[in-house]
There are 2 protein chains.
Amino acid sequence: METNNLKKAGLKVTLPRMKILEILETSETRHLSAEAIYRELLDSGEEIGLATVYRVLTQFEAAGLVCRLHLEGNQAVFELERGGHHDHIVCNQCGRVEEFFDETIERRQSEVAQQHGFSIKDHALVLYGDCLDSACPYRPA
Amino acid sequence: METNNLKKAGLKVTLPRMKILEILETSETRHLSAEAIYRELLDSGEEIGLATVYRVLTQFEAAGLVCRLHLEGNQAVFELERGGHHDHIVCNQCGRVEEFFDETIERRQSEVAQQHGFSIKDHALVLYGDCLDSACPYRPA
DNA sequence: GTTCAGATGATTAAGATTCTCATTTCTATT
DNA sequence: AATAGAAATGAGAATCTTAATCATCTGAAC
């Protein structure tokens with residue numbers, strides 16, 4: 001049961017938190033904006049305010065349950081934390097977000113930081129391009 | 001003379017544009033927010049509106065004169081385009097921004113994108129850490 | 001120096017996110 | 001199960017950054 005995640009994170013189990021967690025767990029799209037989550041809640045008949053969605057997501061982030069990503073564009077997106085760290089590729093055409101992890105890049109980042117006299121704590125890497133997937137509805141000819 | 005840069009970029013040479021370009025060229029900090037540039041203008045006695053600063057920076061970006069960076073935090077920062085592409089390291093403590101370029105990372109990014117069926121067009125990479133510079137005023141003990 | 005397109009400044013507007021505060025909901029305890 | 005107290009919620013206001021509007025001003029060309 002998902003309520004365990006909430007309890008483990010030290011968060012009181014409430015209906016809004018459960019519903020939001022459920023959406024993050026079951027949605028097709030793994031990367032959702034607060035607005036998108038809010039709309040899904042409305043669609044499923046929940047009366048949960050947008051402010052609560054933002055508040056809960058911020059708490060989830062602090063608790064390590066979700067990651068917040070700042071892609072190009074103004075809205076942040078949130079994804080469920082599923083263990084491993086990874087970076088992202090975003091399609092400029094269709095907006096699809098894919099995940100990847102590259103050991104070489106990770107290692108070089110640490111080395112470069114060290115060379116510059118930094119103790120690296122975190123990083124943000126997003127690649128932007130056009131996906132060549134034949135299923136992409138916006139694929140350029 | 002700097003007016004050449006403006007003319008070459010196809011922009012009419014006006015006082016606000018010259019002053020903003022001058023600040024970007026001469027400021028100690030190579031990465032400035034629109035707000036910071038606006039304040040420098042006020043401090044030097046120029047009566048230039050904030051809206052103009054944003055407008056001009058957007059034009060400079062479109063003309064390839066400056067780059068706009070979205071670091072953590074809400075304000076974008078702008079830096080003069082000085083030829084080569086590079087990525088950034090930001091100090092979590094003092095906010096200092098350093099630049100770096102790593103051939104290996106660049107190459108791997110293309111390869112990774114290709115493996116995922118993307119034709120990469122752009123990327124954003126920012127490393128966050130603590131700078132170990134003894135001159136850093138916020139250096140942790 | 002006049003003209004006129006383009007630029008500017010002040011203000012308003014827009015979008016995303018956070019804050020406020022009265023009301024409601026959990027959890028622990030009877 | 002009833003209750004009390006702390007924490008969470010919802011609605012709307014507030015904030016912050018950036019962009020749009022529009023009347024006025026400026027720079028380049030004649």
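Quick caveat: nothing in here was measured; it's all calculated off a predicted structure. So you know, we letter chains A, B, ... as the sequences are listed, proteins then strands, and number each from 1.
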Compare the minimum distances between each of D:dA8, C:dA7, C:dG9 and the side chain of B:I48, then state the nucleotide with the smallest one.
-> C:dG9
CG of A:L6 versus C1' of C:dT27: gap in Å, rounded?
-> 15 Å
How would nucleotides 17-30 of chain D be written as a contact map, 5' to 3', with B for base contact, S for sugar-phosphate-only contact and - for no contact, using protein heavy atoms under 4.0 Å?
-> SBSBB-----SS--
Side-chain heavy-atom pair A:N5, A:F60 within 4.5 angstrom cut-off = no
B:T52-B:R55 side chain donor-acceptor pair, cut-off 3.5 Å = yes
Considering non-hydrogen atoms only, spot the tightest contact between B:L57 and B:V66 and give its length.
-> O-CG2, 3.9 Å
Atom pair distance, as rounded to whole Å: CD in A:Q59 and P in C:dT18 = 11 Å
Rounded off to whole Å, could you give me the CE-to-P distance for the B:M18 and C:dA7 pair?
-> 14 Å
Can you tell me the distance, in whole Å, between the CG atom of B:L42 and the P atom of C:dG9?
-> 11 Å
Rounded to whole Å, CD of A:E46 lies from C1' of D:dG10 at a distance of 14 Å
Short question: side chain of A:R17, backbone of A:K12 - any donor-acceptor pair under 3.5 Å?
-> yes
Which atoms form the tightest heavy-atom contact between A:F100 and A:I105, and what is the distance?
-> CE1-CD1, 4.4 Å
Atom CZ of A:F60 to atom C1' of D:dT9: distance rounded to whole Å?
-> 14 Å
Spacing between A:E47 atom CD and C:dT24 atom C1', to the nearest angstrom = 14 Å
Steps toward side-chain contact (heavy atoms from CB on, under 4.5 Å) verdict (A:L65, A:Q59) | CA-CA 9 Å; A:L65 288 176; A:Q59 292 159 345; over 6 Å; no
